[in-house]
Asks: 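Take a look at the following structure, please.
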Amino acid sequence: MDIRKEFLDYFKNKGHEVIPSSPLVPDDATLLFTNAGMVPFKSIFTGEVPRPNPPIRTSCQTCIRAGGKHNDLDNVGYTARHHTFFEMLGNFSFGEYFKNEVIPYAWEFITEVLKLPKEKLYVTVHEKDDEAYEIWSKYIQKDRIYKFGDKDNFWAMGETGPCGPCSEIFYDQGREHFNTSEDYMGGDGDRFLEIWNLVFMQFERSSDGSLKPLPKPSIDTGMGLERITAIKEGVFSNYDTSIFMPIINEVAKLCSKKYEYKSGASYRVISDHIRSVVFLLAQGVNFDKEGRGYVLRRILRRALRHGYLLGIKEPFMYKLVDIVVKLMGEHYSYLKDKSEIVKEQIKLEEERFLSTIASGLELFNDELKNTKNIFSGEVAFKLYDTYGFPLDLTIDMLREKNISVDEKKFDELMSEQRKKAKASWKGSGDKAIESGDFKVLLEKFGENEFVGYEKTINKTEILALLDENFKLIDELKPNTSGWIMLKQTPFYAQSGGQCGDKGIINNQNEVIDTQKFFGLNLSFVNSKNTLKVGDEVECKVDVIRDEIARHHSATHLLHAALKKVLGSHVTQAGSSVEANRLRFDFSHSKAMSSEEIRQVEDMVNLVISSKEDVKTEIMDLEDAKNSGATALFGEKYDQKVRVLSIGNFSKELCGGTHVKNVSEIGMFLILKESGVSSGVRRIEAVCSKSAFEFIKNLRKDYSEVCETLKTSSPIISIEKLKDEIKSLKSQISAMSNSSALVIDDINGVKVVVSDFEGDIKEKIDEVKNRYEKVVILLGNKKDDKINLAAGVKNAPIKAGELVRNVAKILGGGGGGRDDFATAGGKDILKINDAYEYAKSFIKEKLN
């Protein structure tokens, strides 16, 4: 039974519009990820935007809880129902129907579509919600309807705002399976399993805590697909369902070990985490050092560590992509399109991390040699933070040696790290633009009209004025700034990477930016004279719009050329289009070669020289996609979309401004190709006037170089200079190397402890090659730090032990092999003390 399809079809037949799952990266500055089915509708529930048409909807929303306030990561694999990635089934009414309709809907779906036995069902309602109690009593015996207080049956979006009582539906999994003291309705046991929550949003809570009835009470429901699947399939863990078992079985094949539930936490972690990784990568999130990319990296590395525990010590997660696509690709078709690039990105990230696991084990073993009973909390945290070892893995490795970890110190460092991580998360944020008076404007005027495709000069009426804090005002006085809402605006609002228009109103008032807020196109104005609501004004778009359009059209050509040269996996991962430059981020796993960059640049210029007309047409969204037009995942499109075509070369959905003929773009030059994050590359380029200016400056620089070198062939002269520089460096290096190091002899072993300005590793190798028995330690000061390296040859001293002990005096640490090791320190003032200690340490060992 396809529960997902049955649910959506059921509510479609009840008049609901089926809404596709919104992206996992929400259009909400307060959230790291979409973590509930209602997130896409949050601004409707809060009243920031008017209710949609139709006002009843249904969806199966993909969700992730692995960061920020909603973080289930550490529980995943160890419980029956915690996941980082899950699907939430829901139906929503924005003032159209309420309890009298939603309760019968829920009962009918559960008992007649899913055919769950009625005698296994129980319901909870809020203790003061007599209305819900009476409705439920028509369908279920009253002794199976329980009343609970605010803690269990009252839902709120925040401390203030929409809220209301809720009703939860429970399924009795059986006394014969669950019979602890907590296995009762309202208890913490697993016998009574919540399967569906119906939220009745009927109040608005004020800052003083008072509740005011909403004029249009709404409905928000949520039922976890994984949980209801477990019940339908008669199992007690989500992981035992057809959703996860195919993945778990694949993991068992990879590690050649049979899966057993009791000892199978690692299998479950991997089966959960691969779903999160695949969906996030397919939706354009990439591995990174911060923000969502950092959470993605943590999820993959946690799975890899569990693979390591199962004995898999090579990349394997990428091998699980196909089974995820097989299980979910029919409903989420973009998984099929992205599967190959997703596999490539995962494998590269796996290879990177597996190399650090070996380094982490080296650090672990070095510390273990100096540990008697308690393993250092600092080192355990470094293993976690730097090398990705979870504390439980470190504890497992120490258990067989009867050694414990200083968990108190580890927890202190972890707490500090969490504070830093939370502060660094992009988009997890604490601030979002408040709705202000936007709702009033939307209800009064609707979205204002953009006429900038046809006009760059337009006379129109001022519908509204807002101050810098988005509060409605009647007039904008001279020498002040604020936002203006025009009835028919020629100013393009920043969108799709294209910057917002600048311009002028009534020849004096400067428009310095244009943005969209809740669908409203607003321009930010520095006023020179008074502007009033209702005034008719003349608006002129700045002529730099032409250069912006040229760079935007060039971006489309660049996107198409990259697909043709590098492959169809290339997908836009971000862009910025301005009057004097463009920046284009795209998914690709490695740096482009010089030849590939040349091919892309030549291909774009060839299309420009073709003088193709640029065509735009308005189409239905599905028709546009079926015609081959490229759509960006996560971009919100209306039912009617604008399709931009450049011959047979490029076809994309785009609402931006463009040239009418590609010849207007002029020359296209790629200035730089670089990496942004794992799996994402960036091209910076110019065209039109900016390209001409670049060539002009390049020619000027070339002339100056020729004049300086007194030659018409600077390349030959530069090569000669490079050879001279190389020769001089060799001479300097030779002089440095020839400078005498103080070499002592202790019992036939040559001993060196000294500062050294050159390459300390190279110098150590040189000294070791010169003598049969050597102990050498060199220090190299750099900025406010000091680097140490030690080498040992045929002597009873371990380089790692030597360098680690010396580094402690300098407030640092390090280690390595017995014959060579490195370390670093911060306290340069103690360098002489460190050298003296090193000498006495070596002398004691050799004597």
Asks: Judged by modelled atom types alone, do N153 and T124 share a side-chain donor-acceptor pair under 3.5 Å?
Replies: yes
Asks: Mind listing the side-chain donor-acceptor pairs of residues 90-99 below 3.5 Å, one per line with the distance, residues two or more places apart or on another chain?
Replies:
from : atom 1 : to   : atom 2 : distance (Å)
N91  : OD1    : T221 : OG1    : 2.7
N91  : ND2    : Y97  : OH     : 3.0
S93  : OG     : E96  : N      : 3.1
S93  : OG     : Y97  : N      : 2.8
S93  : OG     : Y97  : O      : 3.1
E96  : OE1    : R51  : NH1    : 3.4
Y97  : OH     : H16  : NE2    : 2.7
K99  : NZ     : D129 : OD1    : 2.8
K99  : NZ     : D129 : OD2    : 3.1
K99  : NZ     : E131 : OE1    : 3.4
K99  : NZ     : Q202 : OE1    : 3.0

Asks: Taking all non-hydrogen atoms of both residues into account, name the closest pair between T62 and Q283 and its distance.
Replies: OG1-NE2, 4.2 Å
Asks: Kindly indicate whether the side chain of W196, heavy atoms from C-beta on, has any atom under 4.5 Å from the side chain of E194.
Replies: no
Asks: Looking only at heavy atoms, which two atoms of N509 and N529 are closest? And how far apart?
Replies: ND2-OD1, 3.0 Å
Asks: May I ask you to decide if G222's main-chain N or O and N197's side chain share a donor-acceptor pair within less than 3.5 Å?
Replies: no
Asks: With sequence neighbours left out, what residues match E226 under salt bridge (charged side-chain N to carboxylate O under 4.0 Å, His left out)?
Replies: R275
Asks: Hey, is the main chain of T180 close enough, under 3.5 Å, to the side chain of D183 for a donor-acceptor pair?
Replies: yes
Asks: Within this structure, what is the NZ-CG distance for the pair K12 and L8, rounded to the nearest 0.5 Å?
Replies: 9.5 Å
Asks: Is a side-chain donor or acceptor of K232 paired with a backbone partner of L114 at a separation under 3.5 angstrom?
Replies: yes
Asks: Can any side-chain N or O of N458 pair as donor or acceptor with the backbone N or O of Q488 at less than 3.5 Å?
Replies: yes
Asks: Indicate whether any N or O donor in one side chain lies under 3.5 Å from an N or O acceptor in the other, for D150 and H126.
Replies: yes
Asks: Got a donor-acceptor contact below 3.5 angstrom from the Y453 side chain to the G655 backbone?
Replies: yes
Asks: Distance from K459 atom NZ to K487 atom NZ, nearest 0.5 Å?
Replies: 15.5 Å
Asks: Report the C-alpha separation of R191 and D172 in whole Å, then their side-chain angles, then the decisive distance to 0.1 Å, and conclude whether the side chain to side chain contact (heavy atoms under 4.5 Å, CB included) test is met.
Replies: CA-CA 6 Å; R191 176 181 167 183; D172 182 1; 2.9 Å; yes
Asks: Apply side chain to side chain contact (heavy atoms under 4.5 Å, CB included) to the pair F7 and L225, showing each step before the final yes or no.
Replies: CA-CA 10 Å; F7 184 90; L225 178 63; over 6 Å; no
Asks: How close do G186 and F148 get, heavy atom to heavy atom, and via which atoms?
Replies: CA-CZ, 3.8 Å
Asks: Is it true that atom NZ of K528 has more than 12 heavy atoms of other residues, nucleotides or ligands lying nearer than 6.0 Å?
Replies: no
Asks: Have a look at Y122 and tell me which of W136, Y184, F192 forms a ring-ring contact (aromatic ring centres under 6.0 Å, His included) with it.
Replies: F192
Asks: Nearest 0.5 Å, please: how far is CG in L193 from CD in Q173?
Replies: 5.0 Å
Asks: I'd like to know whether F170 forms a ring pair (Phe, Tyr, Trp, His ring centres under 6.0 Å) with Y146, so could you lay out the CA-CA distance, the side-chain angles of the two residues, the decisive distance to 0.1 Å, and finally the verdict.
Replies: CA-CA 11 Å; F170 287 79; Y146 287 73; 8.8 Å; no
Asks: Do R292 and L32 make a side-chain contact, defined as non-hydrogen atoms from C-beta onward lying under 4.5 Å apart?
Replies: yes
Asks: How close do S59 and F41 get, counting heavy atoms only, and between which atoms?
Replies: OG-CE1, 4.4 Å
Asks: Under a 4.5 Å cut-off applied to non-hydrogen side-chain atoms, are I64 and F85 in contact?
Replies: yes
Asks: Assign the ring pair Y139 / W107 to parallel, tilted or perpendicular, where the plane angle (0 to 90°) is split at 30° and 60°.
Replies: tilted
Asks: For residues 478-485, please give each side-chain donor-acceptor pair under 3.5 Å, one per line with the distance, not counting sequence neighbours.
Replies:
from : atom 1 : to   : atom 2 : distance (Å)
T480 : OG1    : K477 : N      : 3.4
T480 : OG1    : K477 : O      : 2.5
S481 : OG     : N526 : OD1    : 2.5

Asks: Quick one: are I219 and L198 in side-chain contact, heavy atoms under 4.5 Å?
Replies: no
Asks: Is it true that D474 and K532 have a side-chain N and a carboxylate O under 4.0 angstrom from each other?
Replies: no
Asks: Does K147 make a cation-pi contact with Y133 (under 6.0 Å, within 45 degrees of the axis)?
Replies: yes
Asks: Establish, from distance only, whether the side-chain atoms of Q61 and S21 form a donor-acceptor pair under 3.5 Å.
Replies: yes
Asks: Drop me the distance from R205's CZ to S210's OG, to the nearest 0.5 angstrom.
Replies: 9.0 Å
Asks: Between the main-chain N or O of T84 and the side-chain N or O of D272, is there a donor-acceptor pair closer than 3.5 Å?
Replies: yes
Asks: Walk me through whether D501 and T489 qualify under side chain to side chain contact (heavy atoms under 4.5 Å, CB included).
Replies: CA-CA 11 Å; D501 275 340; T489 178; over 6 Å; no
Asks: Quick check: do W155 and M38 have side-chain heavy atoms less than 4.5 Å from each other?
Replies: yes
Asks: So that I can tick it off, tell me whether K471 and D467 are bridged by a salt bridge, with the cut-off set at under 4.0 angstrom between side-chain N and carboxylate O.
Replies: no
Asks: Whether K502 and D513 form a salt bridge (side-chain N of Lys/Arg under 4.0 Å from carboxylate O of Asp/Glu) is what I want to check.
Replies: no
Asks: Once you measure the plane-to-plane angle for F109 and F11, does it fall in the parallel (<30°), tilted (30-60°) or perpendicular (>60°) bin?
Replies: tilted
Asks: State, with a plain yes or no, whether a side-chain heavy atom of L463 is found less than 4.5 Å away from one of K444.
Replies: no
Asks: Ignoring hydrogens, what is the shortest heavy-atom contact between R57 and P52? Give both atom names and the distance.
Replies: NH2-CB, 3.2 Å
Asks: Could you pull out the closest heavy-atom pair between G519 and K516, with the gap in Å?
Replies: O-CE, 4.3 Å
Asks: Return the CG to NZ distance between L31 and K42, rounded to the nearest 0.5 Å.
Replies: 5.0 Å
Asks: Give the C-alpha distance, both sets of side-chain angles, the deciding distance and a yes or no for salt bridge (charged side-chain N to carboxylate O under 4.0 Å, His left out) between K14 and E108.
Replies: CA-CA 12 Å; K14 298 293 184 183; E108 182 179 35; 3.2 Å; yes
Asks: Between atom OH of Y171 and atom CG of L121, what is the distance when rounded to the nearest 0.5 Å?
Replies: 7.5 Å
Asks: Any side-chain donor paired with an acceptor under 3.5 Å for T229 and T241?
Replies: no
Asks: Quick check: do K625 and V641 have side-chain heavy atoms less than 4.5 Å from each other?
Replies: no
Asks: E447 and L442: side chain to side chain contact (heavy atoms under 4.5 Å, CB included), yes or no, with the steps?
Replies: CA-CA 6 Å; E447 295 180 6; L442 283 165; 4.1 Å; yes
Asks: Determine whether V295 and V285 make a side-chain contact, defined as any pair of heavy atoms from C-beta on separated by less than 4.5 Å.
Replies: no
Asks: Under the 3.5 angstrom rule, does the side chain of N506 hit a backbone N or O of V537 as a donor-acceptor pair?
Replies: no
